[in-house]
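Single-structure report; data block below.
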Amino acid sequence: MTKTTATSISRRQILKIGSAAALASAARLAFPSGAFAATAGPEVTGVKLGFIALTDAAPLIIAKEKGFFEKYGMADVEVLKQASWGATRDNLVLGGEANGVDGAHILTPMPYLMETGKVTQNNVPVPMSIIARLNLDSQGISVAKEYAETGVQLDASKLKDAFAVKKAAGNEIKVAMTFPGGTHDLWIRYWLAAGGIDPDKDVSTIVVPPPQMVANMKVGNMDAFCVGEPWNEQLVNQGIGFTACTTGELWKGHPEKALGLRTEWIEKNPNAAKALMMAVMEAQIWADSMDNKEEMSAILGKRQWFNVPPKDVAGRLKGTINYGNGRLAENTGLEMKFWKDHASYPFKSHDAWFLTENIRWGKFAPDTDIKALVDKVNREDIWRAAAADLGIAAADIPASSSRGPETFFDGKVFDPENPKAYLDSLEIKAGA
């Protein structure tokens with residue numbers, strides 16, 4: 001019989017218990033007092049973390065609500081709502097000691113854009129680190145009701161003629177995303193370009209904060225948008241538009257948000273960074289259990305978090321997708337993943353894809369040393385150390401920082417060892 005100790009939750013036990021909820025229970029057995037073995041205590045008990053009202057911020061919110069931060073010695077963690085990704089950036093530039101934040105639920109490319117000064121005032125670099133992925137999948141590309149008759153779904157080319165007619169009449173085609181160079185910008189650009197629509201020439205891309213997407217489409221300010229949940233679900237529930245596709249249909253199991261921290265804060269507080277990571281991991285394990293989805297939807301819907309009806313959160317959280325155009329899909333496997341399929345692990349190859357796409361669209365120079373930049377920002381070592389101290393068996397920790405080639409819905413293949421070949425295979429890109 002396998003014995004559980006304070007430093008080992010065996011693979012056999014994980015397989016036997018078979019669920020994220022049970023794994024969380026095993027972790028609690030391993031650390032009944034909230035103390036964790038084999039490491040010094042955190043240097044500080046608090047950190048200021050920003051979040052946007054998006055379902056993929058759940059690991060931070062659940063860690064706060066369920067007392068996981070306190071359990072690992074971080075009783076004074078603040079989880080602070082941000083108005084937009086631009087505000088998140090500005091507060092990260094300030095840092096917690098200057099009334100900003102020390103870290104955040106963040107679009108994966110943003111720490112790279114900040115590290116290189118691409119999106120900061122006067123292009124001043126702000127050293128940033130990614131210590132975890134917060135989730136996989138479950139963003140959406142939604143379209144205004146006026147395009148329902150096109151039948152547009154995964155194939156964006158069905159919008160080409162409708163967009164051309166509207167432009168010919170003197171109207172601007174507006175496609176909204178949440179931050180230039182961020183994940184939603186890259187998903188909707190990929191989708192449009194795969195359908196033969198140039199996102200730089202055929203449409204205008206505009207920036208809208210996630211919680212404002214639905215209201216802006218309601219008054220006709222945009223033709224399509226890409227955003228995380230619960231806003232696509234809310235759009236459908238309010239009958240304002242429909243979802244053409246989810247981003248998991250573009251690339252199933254794709255990485256999304258990250259947990260990013262100012263590098264300076266990590267360097268001052270390495271043990272606290274690891275403790276923070278452990279609390280977030282336990283929250284991710286809890287959040288992945290289907291048994292917890294209803295409670296989680298109620299928590300996220302609270303006024304201080306998202307201020308939305310829980311039904312706007314619950315459906316797609318479970319993998320049930322009402323597209324709003326007569327399509328209802330259940331048990332899709334496209335639910336947001338927080339832990340399973342190594343959702344929490346910050347694979348360097350995933351970061352490399354985001355950088356390559358930002359080279360595609362002109363955010364980074366073609367000669368950018370992708371590997372060097374990823375190695376500088378991606379701190380998978382903190383994740384691995386936290387996993388070891390949490391008692392996750394070595395067999396359940398990814399052996400490599402790379403997942404290898406990834407295939408997209410249109411047949412394109414990204415090999416992190418050869419990003420140039422991927423770029424050369426893309427017909428539509430900046431300057432082409």
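Positions are given from 1 along the sequence.
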Less than 4.5 Å apart, any side-chain heavy atom of [X] and any of [Y]?
X: K118; Y: N123; result: no
X: K371; Y: D375; result: yes
X: V152; Y: F242; result: yes
X: L192; Y: D198; result: no
X: V374; Y: L355; result: yes
X: K64; Y: E78; result: no
X: T356; Y: L423; result: yes
X: L92; Y: M128; result: yes

Without hydrogens or angle criteria, can the side chains of [X] and [Y] be said to hold a donor-acceptor pair below 3.5 Å?
X: Y345; Y: R384; result: yes
X: Q153; Y: Y323; result: no
X: E406; Y: W353; result: no
X: T108; Y: H350; result: no
X: T243; Y: R316; result: yes
X: S297; Y: E294; result: no

Which atoms form the tightest heavy-atom contact between [X] and [Y], and what is the distance?
X: A258; Y: L134; result: O-CD1, 3.5 Å
X: L317; Y: M296; result: CD1-CE, 4.0 Å
X: I428; Y: W361; result: O-CH2, 3.6 Å
X: K66; Y: I299; result: CE-CD1, 4.4 Å
X: A156; Y: I197; result: O-CD1, 3.4 Å
X: P230; Y: D312; result: CB-O, 3.2 Å

Requested in this report: Let me know which of V119, I130, N358, I370 forms a side chain to side chain contact (heavy atoms under 4.5 Å, CB included) with Y112.
Outcome: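 By the side chain to side chain contact (heavy atoms under 4.5 Å, CB included) criterion, Y112 pairs with just one of V119, I130, N358, I370: I130.
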
**Report entry** Identified side chain to side chain contact (heavy atoms under 4.5 Å, CB included) partner of K48 from the options V77, D102, N91, D76
**Finding:**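 By the side chain to side chain contact (heavy atoms under 4.5 Å, CB included) criterion, K48 pairs with just one of V77, D102, N91, D76: D102.
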
Requested in this report: Decide side-chain contact (heavy atoms from CB on, under 4.5 Å) for Q238 and V214; before the verdict, give the C-alpha distance in whole Å, the side-chain angles of both, and the deciding distance to 0.1 Å.
Outcome: CA-CA 9 Å; Q238 294 186 9; V214 176; 3.7 Å; yes

Report task. Could you please spell out the steps behind the salt bridge (Lys or Arg N to Asp or Glu O under 4.0 Å) verdict for K302 and E65? Result -> CA-CA 11 Å; K302 289 180 181 179; E65 288 265 351; 3.2 Å; yes

Supply the atom-to-atom distance [X] [atom1] to [Y] [atom2], rounded to the nearest 0.5 angstrom.
X: L54; Y: F306; atom1: CG; atom2: CZ; value: 6.5 Å
X: L235; Y: S142; atom1: CG; atom2: OG; value: 5.0 Å
X: S204; Y: I173; atom1: OG; atom2: CD1; value: 8.5 Å
X: F409; Y: L154; atom1: CZ; atom2: CG; value: 4.5 Å
X: L300; Y: E229; atom1: CG; atom2: CD; value: 12.0 Å
X: D56; Y: S138; atom1: CG; atom2: OG; value: 8.0 Å

If you measure from the Lys or Arg side-chain nitrogens to the Asp or Glu carboxylate oxygens, is any gap between [X] and [Y] under 4.0 Å?
X: D223; Y: K166; answer: yes
X: K412; Y: E427; answer: yes
X: E330; Y: K318; answer: no
X: K71; Y: E282; answer: yes
X: K268; Y: E43; answer: no
X: K274; Y: D389; answer: yes
X: K340; Y: E335; answer: yes

Query raised in the report: side-chain contact (heavy atoms from CB on, under 4.5 Å) between L334 and E249: does it pass, once the steps are laid out?
Result: CA-CA 8 Å; L334 295 170; E249 293 169 74; 3.8 Å; yes

Requested in this report: Apply the test side-chain hydrogen bond (donor to acceptor under 3.5 Å, both in side chains) to residues Y190 and D410: give CA-CA distance (whole Å), side-chain angles for both, the deciding distance (0.1 Å), then the verdict.
Outcome: CA-CA 10 Å; Y190 194 103; D410 58 349; 2.7 Å; yes

**Report entry** Within 6.0 angstrom of Q304 CD, more than 12 heavy atoms from elsewhere
**Finding:**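 Yes - once you tally the heavy atoms of other residues, nucleotides and ligands closer than 6.0 Å, there are more than 12.
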
Query raised in the report: Looking at F338, does the NZ or CZ of R133 lie under 6.0 angstrom from its six-membered ring centre and within 45 degrees of the ring axis?
Result: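 Pair R133/F338 does not count as cation-pi.
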
Query raised in the report: Quick one: does T88's side chain have a donor or acceptor within less than 3.5 Å of a partner on S84's backbone?
Result: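 Between the backbone of S84 and the side chain of T88 there is a qualifying donor-acceptor contact (under 3.5 Å).
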
Query - Donor-acceptor contact below 3.5 Å, side chain N122 vs main chain V124 - result: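 Side chain of N122 to backbone of V124, a donor-acceptor pair under 3.5 Å: no, none is there.
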
Requested in this report: Kindly indicate, with the supporting measurements, whether the criterion salt bridge (Lys or Arg N to Asp or Glu O under 4.0 Å) is fulfilled by R379 and D381.
Outcome: CA-CA 5 Å; R379 293 296 307 275; D381 58 303; 2.8 Å; yes

**Report entry** Check: F414 ring centre within less than 6.0 Å of Y422 ring centre
**Finding:**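 Between F414 and Y422, the centre distance is under 6.0 Å.
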
Requested in this report: Kindly state whether the ring of Y147 and the ring of F163 have centres lying under 6.0 angstrom apart.
Outcome: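 Yes: the rings meet the under 6.0 Å criterion.
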
**Report entry** side-chain hydrogen bond (donor to acceptor under 3.5 Å, both in side chains) between W231 and Q212, intermediate numbers included
**Finding:** CA-CA 9 Å; W231 308 113; Q212 296 177 27; over 6 Å; no

Query raised in the report: Relative to the ring of W251, is the ring of F408 parallel (under 30°), tilted (30 to 60°) or perpendicular (over 60°)?
Result: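 Aromatic pair F408/W251 classed perpendicular.
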
Report task. May I have the step-by-step check of ring pair (Phe, Tyr, Trp, His ring centres under 6.0 Å) for W305 and F51, ending in yes or no? Result -> CA-CA 9 Å; W305 302 123; F51 82 98; 5.5 Å; yes

Under 3.5 Å, sequence neighbours excluded: what are the donor-acceptor pairs made by side chains of residues 176-185?
residue	atom	partner	partner atom	Å
T178	OG1	W85	NE1	3.4
T178	OG1	H184	ND1	2.7
T183	OG1	E256	OE1	3.2
T183	OG1	E256	OE2	3.0
H184	NE2	Q139	OE1	2.8
H184	NE2	G228	N	3.3
D185	OD1	R189	NE	2.8
D185	OD2	G181	N	2.7

Query raised in the report: Going through the distances and angles, do L136 and H254 end up as a side-chain contact (heavy atoms from CB on, under 4.5 Å)?
Result: CA-CA 5 Å; L136 305 179; H254 72 75; 6.0 Å; no

Requested in this report: Show the numbers, then the answer: is there a side-chain contact (heavy atoms from CB on, under 4.5 Å) between I266 and I382?
Outcome: CA-CA 10 Å; I266 293 175; I382 296 174; 3.8 Å; yes

